[in-house]
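Step one of this worksheet: look at the structure below.
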Amino acid sequence: AIEASSMVLEEQPDLVTVLVPRHPERIPEIEATISEHDRSSVRFSDFKPGDALDILIIDTIGLLARLYEIAPVSFIGGSMNLGLGGHNLFEAIRARSAVIHGPDMANFSEVTAKLNAMDAAIEIASPNELKQALFALAKNRDQRLAMVDAAQTLADQDKQSRDFVITTVQHLLTSAKNE
């Protein structure tokens, strides 16, 4: 993500990259990697309005949902063949953020396959492909909105399935309680 955002910066110097580490204890390692790429970062908890902003590292729990709401495009981490199996796509989808992901989405393979088949997500395999996807979605609002709408259809189906399961379990628990 750092390498791809460096490439994008060449053409879009006002880009702000926001990193949300799943494990905040990794932040010092992430900051070192950012420095190795000759980039600068600031932690959210240290950010002051007016600060120069290149890469913002979210070091506060509970902000991801709001960030997805304001991000037109989200790259889902843990998906670049590191053996992590990807992270949950539904948070970004429900917030109407277009989704880009890497090839390793083993933990969410069924939903990822559906999204890809519906052209509701973009799978990339390299920083250069991430850069190309970011540019394509930034320049083509209609494509981005079509992806978001298609992904929302899948999210609505998922919600209906979850609601059905919850209602069924509640009914079974109520029936068992009354017996």
Side-chain angles (χ1 to χ4, degrees), residues 1-22 39 41-42 44 47 49 53-58 60-82 84-166:
I2 296 165
E3 187 177 332
S5 72
S6 294
M7 290 188 266
V8 174
L9 271 175
E10 293 172 11
E11 295 184 43
Q12 294 186 343
D14 59 340
L15 173 78
V16 175
T17 301
V18 180
L19 300 178
V20 186
R22 186 169 192 84
R39 303 280 300 277
S41 65
V42 64
F44 179 77
F47 178 73
L53 191 55
D54 180 9
I55 298 176
L56 180 64
I57 301 173
I58 303 302
T60 305
I61 304 297
L63 296 178
L64 188 57
R66 179 68 181 116
L67 290 167
Y68 281 139
E69 289 175 5
I70 61 175
V73 179
S74 297
F75 173 67
I76 304 302
S79 62
M80 290 304 293
N81 288 327
L82 302 173
L84 300 176
H87 296 305
N88 189 344
L89 302 144
F90 277 110
E91 290 176 289
I93 291 168
R94 288 190 183 105
R96 300 192 58 79
S97 183
V99 169
I100 301 172
H101 64 84
D104 181 11
M105 290 297 294
N107 296 335
F108 303 92
S109 58
E110 185 177 328
V111 69
T112 303
K114 287 179 184 178
L115 287 168
N116 291 345
M118 298 168 63
D119 292 326
I122 296 175
E123 182 175 326
I124 57 93
S126 70
N128 192 49
E129 287 181 16
L130 178 56
K131 172 193 164 191
Q132 291 170 0
L134 289 170
F135 275 131
L137 295 175
K139 291 180 180 181
N140 191 335
R141 183 176 184 271
D142 291 341
Q143 178 191 4
R144 189 175 71 246
L145 294 177
M147 281 178 60
V148 166
D149 288 344
Q152 199 63 47
T153 298
L154 187 63
D156 291 345
Q157 292 169 357
D158 177 68
K159 183 181 182 321
Q160 291 170 0
S161 297
R162 281 184 300 124
D163 289 348
F164 174 77
V165 170
I166 290 169

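In this chain, numbering begins with 1 at the start of the sequence shown.
Side chain of R39 to main chain of I2: a donor-acceptor pair is present (N/O by atom type, distance under 3.5 Å, no hydrogens or angles). Looking only at distances, no side-chain donor or acceptor of S79 sits under 3.5 Å from a matching main-chain atom of G86.
For the pair E69/S97, no side-chain contact is recorded, criterion being any heavy-atom separation below 4.5 Å from C-beta on. You'll find the side chain of L115 stays beyond 4.5 Å of the side chain of H101, heavy atoms only. Two residues are said to be in side-chain contact when any heavy atoms from C-beta on lie closer than 4.5 Å; M7 and F135 fail this criterion. Residues L56 and V42 form a side-chain contact, since some pair of their non-hydrogen atoms from C-beta on lies under 4.5 Å apart. Residues L130 and E3 have side chains not in contact (no heavy-atom distance under 4.5 Å, counting atoms from C-beta outward).
Across all non-hydrogen atoms, the minimal contact from A92 to V99 is CB-CG2, 3.8 Å. Nearest heavy-atom pair across F108 and G85 is CD1-O, 4.0 Å. The two residues L84 and G78 come nearest to each other via the heavy atoms CB-O, 3.6 Å. Closest non-hydrogen pair, L19 versus A1, comes out as CD2-CB, 4.3 Å. The two residues L15 and L9 have their closest heavy-atom pair at O-CD2, 3.8 Å. When all heavy atoms are compared, the tightest approach of M147 to A121 is CE-CA, 3.6 Å.
Taken from CG in L134 to NZ in K139, the straight-line distance is 11.5 Å, to the nearest 0.5 Å. With values rounded to the nearest 0.5 angstrom, I70 atom CD1 is found 9.5 Å from L63 atom CG. Annotation: the span from I93 atom CD1 to I76 atom CD1 amounts to 7.5 Å, rounded to 0.5 Å. Note that CE of M118 and CG of D149 are 10.0 Å apart. Values are rounded to the nearest 0.5 Å. Annotation: the span from M105 atom CE to N88 atom CG amounts to 8.0 Å, rounded to 0.5 Å. Rounding to the nearest 0.5 Å places CZ of R144 at 9.0 Å from CG of D142.
Applying the side-chain hydrogen bond (donor to acceptor under 3.5 Å, both in side chains) test to pairs two or more places apart or on separate chains, those with a residue in residues 9-21 are S5-T17. For residues 118-137, the pairs satisfying side-chain hydrogen bond (donor to acceptor under 3.5 Å, both in side chains) are N116-E123, with sequence neighbours left out.
For Y68, the OH atom is densely surrounded, since the number of other residues' heavy atoms within 6.0 Å is greater than 12.
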